Undergrad: 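Structure incoming, see below.
Owing to the predicted nature of the structure, the values given are computational and were not obtained by experimental measurement.
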Amino acid sequence: MTSEEIKRLDASSFMPTYGRFGAVLCSGRNASAKDCEGKEYIDFGSGIGVNSLGWCDEGWVKAVCAQAGALQHTSNLYYSPAPASFAAELCRVSGYAAVFLGNSGAEANECAIKLARKHGVEQKGESCCEIITLRNSFHGRTVTTLAATGQDSFHQYFFPFTGGFRYAEPSLEDVKAQMSENTCAVMVEFIQGEGGVLPLDPQFVKDLAALCRERGVLLVADEVQTGAGRTGSFYCCQQYGVTPDVLTSAKGLGGGLPIGACLCTEELKDVMGRSMHGSTFGGNPVVCAGALEVVRRVSQPEFLAQVREKGRYLRQRLEQMEGIAQVRGLGLMLGALPSRGTAAQLAAACVEEGLLVLTAKDSLRFLPPLTITQEELDKGLAILERVLASA
């Protein structure tokens with residue numbers, strides 16, 4: 001099919017839930033792709049932070065194909081080597097004691113919410129079920145994770161939303177004001193990705209962790225976007241110097257296949273007992289084979305050092321560009337506030353010129369594959385410079 005035929009087929013078949021750019025992606029390698037007619041694109045978005053090893057990485061493809069040729073699905077009623085090996089490796093690398101596997105970041109956050117509430121009820125009674133999240137946060141698109149999201153714009157249409165959430169500004173004083181004897185957890189993103197790529201203040205995070213320990217409240221970290229090496233450490237919490245009680249992970253963890261993980265400490269590993277939670281496709285062997293390849297490679301110190309170096313280079317180049325007012329973020333998770341033109345206009349213009357970028361509120365958002373080469377970075381930055389110059 002041609003690109004135009006694909007667009008027409010898409011428009012006639014899907015619910016219109018996505019505002020798509022004009023690109024039709026048919027093949028790719030690392031951070032470079034082509035449409036059906038051969039037009040090339042440089043990828044600074046990696047499928048919204050998903051393709052951590054880029055498109056069609058040789059090792060990842062080999063692992064996925066080998067597992068697909070052995071067993072594609074078993075259900076969680078049986079044991080299987082790929083999920084067991086992946087879970088053990090993820091716990092080893094992250095330092096957590098146990099994990100539940102689902103299919104997305106929203107599912108991982110649903111598990112974390114259930115775990116926190118069950119723990120609160122068991123420790124302090126049925127009223128201890130409230131969770132504090134931060135203003136400007138984003139935690140998913142299910143009815144419950146929309147309720148957890150600290151943005152009023154998401155609290156529309158789908159009433160009634162799940163109750164039991166309170167929202168605080170990212171300050172210790174406001175968190176204390178929202179906290180009560182009914183608070184079972186505080187849930188945060190260390191960098192608010194969908195909220196504009198806004199990092200939390202490190203001192204606030206340390207003080208919050210201390211407050212949660214003092215009050216017997218769980219600290220839950222949503223690392224759906226910041227995890228799996230994206231910020232230059234395997235999980236972003238390592239750069240903030242805290243160990244959350246519960247940590248959620250997704251996006252880049254699977255390298256391109258759907259996965260969500262809810263990790264917890266030794267003290268919490270038995271909270272979610274038999275039949276308390278489940279997922280038909282969670283822990284799928286093919287997905288876990290790909291995710292194991294991601295974890296083994298991304299967790300290597302030399303790999304993470306390269307992510308930090310690429311992040312420094314990307315930030316430096318962005319800060320030097322005319323048309324960029326501010327750059328925020330860590331590693332290869334950066335946001336750039338344009339000084340002229342809107343982020344949406346600039347992103348659309350970039351796609352037309354052959355550069356795939358994202359937006360986050362009023363900022364351009366950059367989440368390139370962690371394996372992006374220097375040549376690919378420079379090609380993409382040259383396109384961005386041209387677009388900014390003409391804005």
Side-chain angles (χ1 to χ4, degrees), residues 28-33 40-55 57 189-199 223 225-236 238-239 251-252 255 297-298 300-341 343 346-347 349-351 353-389 391:
R29 183 73 62 181
N30 203 37
S32 303
E40 294 186 346
Y41 295 89
I42 298 296
D43 183 20
F44 276 17
S46 59
I48 315 184
V50 169
N51 297 329
S52 48
L53 300 180
W55 279 303
D57 173 83
E189 304 161 278
F190 296 114
I191 303 175
Q192 294 181 329
E194 302 297 327
V197 194
L198 302 174
E223 292 230 30
Q225 193 165 147
T226 56
R230 172 57 54 186
T231 66
S233 53
F234 191 74
Y235 282 122
C236 191
Q238 295 165 312
Q239 295 187 61
K251 288 195 180 290
R297 286 168 58 184
V298 169
Q300 295 301 311
E302 58 271 23
F303 187 100
L304 293 169
Q306 290 178 9
V307 172
R308 294 192 296 272
E309 181 56 36
K310 292 172 188 176
R312 283 191 290 268
Y313 179 77
L314 179 56
R315 175 188 282 272
Q316 181 184 48
R317 288 288 306 276
L318 290 171
E319 289 175 338
Q320 292 171 347
M321 286 187 189
E322 290 188 20
I324 297 294
Q326 184 185 35
V327 181
R328 303 182 294 255
L330 289 171
L332 286 174
M333 181 178 179
L334 297 176
L337 182 67
S339 58
R340 55 177 180 262
L346 293 169
C350 283
V351 173
E353 294 297 317
L355 174 64
L356 307 180
V357 298
L358 303 166
T359 62
K361 290 198 170 179
D362 58 356
S363 295
L364 294 169
R365 180 170 36 152
F366 304 99
L367 304 170
L370 305 183
T371 52
I372 191 168
T373 65
Q374 187 69 44
E375 181 183 5
E376 288 168 329
L377 271 172
D378 287 336
K379 281 184 179 180
L381 288 165
I383 295 171
L384 179 62
E385 281 187 308
R386 292 199 304 270
V387 169
L388 289 169

Undergrad: May I ask you to say whether Arg230 pairs ionically with Glu223, meaning some side-chain N is under 4.0 Å from a carboxylate O?
TA: no
Undergrad: Would you find a donor on one side and an acceptor on the other, under 3.5 Å apart, between the side chain of Ser46 and the backbone of Ser52?
TA: no
Undergrad: Grab the two heavy atoms, one from Ala336 and one from Ile324, that are nearest each other, plus how far apart they are.
TA: CB-CD1, 3.8 Å
Undergrad: Report yes if the side chains of Pro199 and Leu330 come closer than 4.5 Å at any heavy-atom pair, otherwise no.
TA: no
Undergrad: Can you tell me how far apart OH (Tyr313) and CG (Leu332) are? Round to the nearest 0.5 Å.
TA: 13.0 Å
Undergrad: Between Arg328 (side chain) and Gly196 (backbone), is there a donor-acceptor pair under 3.5 Å?
TA: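 Here the side-chain-to-backbone pair exists.
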Undergrad: Can any side-chain N or O of Arg315 pair as donor or acceptor with the backbone N or O of Val327 at less than 3.5 Å?
TA: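 Yes; at least one donor-acceptor contact below 3.5 Å.
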Undergrad: So how far is it from Leu334 CG to Thr231 OG1, rounded to the nearest 0.5 Å?
TA: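 Leu334 atom CG to Thr231 atom OG1 measures 10.5 Å (nearest 0.5 Å).
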Undergrad: To the nearest 0.5 Å, what is the distance between CG on Asp57 and CZ on Arg29?
TA: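 Between Asp57 CG and Arg29 CZ, I get 8.5 Å after rounding to 0.5 Å.
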Undergrad: Can you measure from CD1 (Ile372) to CG (Asn51) and round to the nearest 0.5 angstrom?
TA: 12.0 Å
Undergrad: Counting distance only, does the side-chain N/O of Gln238 pair as donor-acceptor with the main-chain N or O of Tyr235 below 3.5 Å?
TA: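 A pair under 3.5 Å: yes.
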Undergrad: Hey, what do you get for NZ (Lys251) to CG (Leu367), rounding to the nearest 0.5 Å?
TA: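 Here the rounded value is 8.0 Å.
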Undergrad: Hey, does the side chain of Asp43 reach the backbone of Pro369 with a donor-acceptor pair shorter than 3.5 angstrom?
TA: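 Checked: no pair found.
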Undergrad: Taking the side chain as every heavy atom from C-beta outward, state whether Leu346 and Leu388 have any atom pair closer than 4.5 Å.
TA: yes
Undergrad: Lys361 and Ala343: which non-hydrogen atoms are nearest, and at how many Å?
TA: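 Reported closest heavy-atom pair: O-CB, 4.2 Å.
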Undergrad: How close do Pro338 and Asp362 get, heavy atom to heavy atom, and via which atoms?
TA: CD-O, 3.3 Å
Undergrad: Around Gln374, counting heavy atoms of other residues, nucleotides and ligands shown, do more than 12 lie under 6.0 Å from its CD?
TA: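 Counting other residues, nucleotides and ligands, CD of Gln374 exceeds 12 neighbours.
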Undergrad: Kindly write out the residues that satisfy ring-ring contact (aromatic ring centres under 6.0 Å, His included) with Tyr41, not counting sequence neighbours, or none if the list is empty.
TA: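 In terms of ring-ring contact (aromatic ring centres under 6.0 Å, His included), with neighbours along the sequence ignored, Tyr41 is linked to no residue.
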Undergrad: If you define the side chain from C-beta out and look only at heavy atoms, does anything of Phe44 sit under 4.5 Å from Leu358?
TA: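 No, every pair of side-chain atoms sits at 4.5 Å or beyond.
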Undergrad: Heavy-atom distance under 4.5 Å between the side chains of Val357 and Phe366, does that happen here?
TA: yes
Undergrad: Does Leu318 form a side-chain contact (heavy atoms from CB on, under 4.5 Å) with Leu381? I'd like the steps, not just the answer.
TA: CA-CA 8 Å; Leu318 290 171; Leu381 288 165; 4.3 Å; yes
Undergrad: Could you go through Leu364 and Leu384, starting from their C-alpha distance and side-chain angles, then the distance that decides it, and tell me whether this counts as side-chain contact (heavy atoms from CB on, under 4.5 Å)?
TA: CA-CA 11 Å; Leu364 294 169; Leu384 179 62; 4.2 Å; yes
Undergrad: CD of Glu375: more than 12 outside heavy atoms within 6.0 angstrom?
TA: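 It does not: Glu375 CD has 12 such atoms or fewer within range.
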Undergrad: Return the set of residues passing side-chain hydrogen bond (donor to acceptor under 3.5 Å, both in side chains) with Glu189 (not counting sequence neighbours), or none when no residue passes.
TA: none
Undergrad: Salt bridge check: are Glu309 and Arg312 linked by an N-O gap of less than 4.0 Å?
TA: yes
Undergrad: When you look at Leu53 and Val298, which way does the side-chain contact (heavy atoms from CB on, under 4.5 Å) test go after all the steps?
TA: CA-CA 9 Å; Leu53 300 180; Val298 169; 4.1 Å; yes
Undergrad: Please report the closest heavy-atom contact between Gln239 and Ser233, naming both atoms and the distance.
TA: NE2-OG, 3.1 Å
Undergrad: For residues 329-339, which residue pairs pass the salt bridge (charged side-chain N to carboxylate O under 4.0 Å, His left out) check, not counting sequence neighbours?
TA: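 For residues 329-339, and leaving out neighbouring residues, there are no salt bridge (charged side-chain N to carboxylate O under 4.0 Å, His left out) pairs at all.
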Undergrad: Could you go through Ser363 and Val197, starting from their C-alpha distance and side-chain angles, then the distance that decides it, and tell me whether this counts as side-chain contact (heavy atoms from CB on, under 4.5 Å)?
TA: CA-CA 8 Å; Ser363 295; Val197 194; 5.5 Å; no
Undergrad: My understanding is that only residues two or more places apart in sequence, or in another chain, count here; which of them pass salt bridge (charged side-chain N to carboxylate O under 4.0 Å, His left out) with Glu353?
TA: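 Applying salt bridge (charged side-chain N to carboxylate O under 4.0 Å, His left out) to Glu353 gives none.
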Undergrad: Grab the two heavy atoms, one from Arg365 and one from Gln225, that are nearest each other, plus how far apart they are.
TA: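 Here Arg365 and Gln225 meet closest at NH1-OE1, 3.0 Å.
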Undergrad: Identify the two heavy atoms, one from Cys236 and one from Phe190, that lie closest to each other, and give their separation to 0.1 Å.
TA: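 Heavy-atom minimum between the residues: SG-CB, 3.9 Å.
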Undergrad: Measuring only between side-chain heavy atoms, which start at C-beta, is Arg317 closer than 4.5 Å to Leu377?
TA: no
Undergrad: Identify, with sequence neighbours excluded, every residue that meets salt bridge (charged side-chain N to carboxylate O under 4.0 Å, His left out) alongside Lys310.
TA: none
Undergrad: Name all pairs fulfilling the side chain to side chain donor-acceptor pair (under 3.5 Å) condition that reach into residues 329-338, sequence neighbours left out, sorted by first residue then second.
TA: none
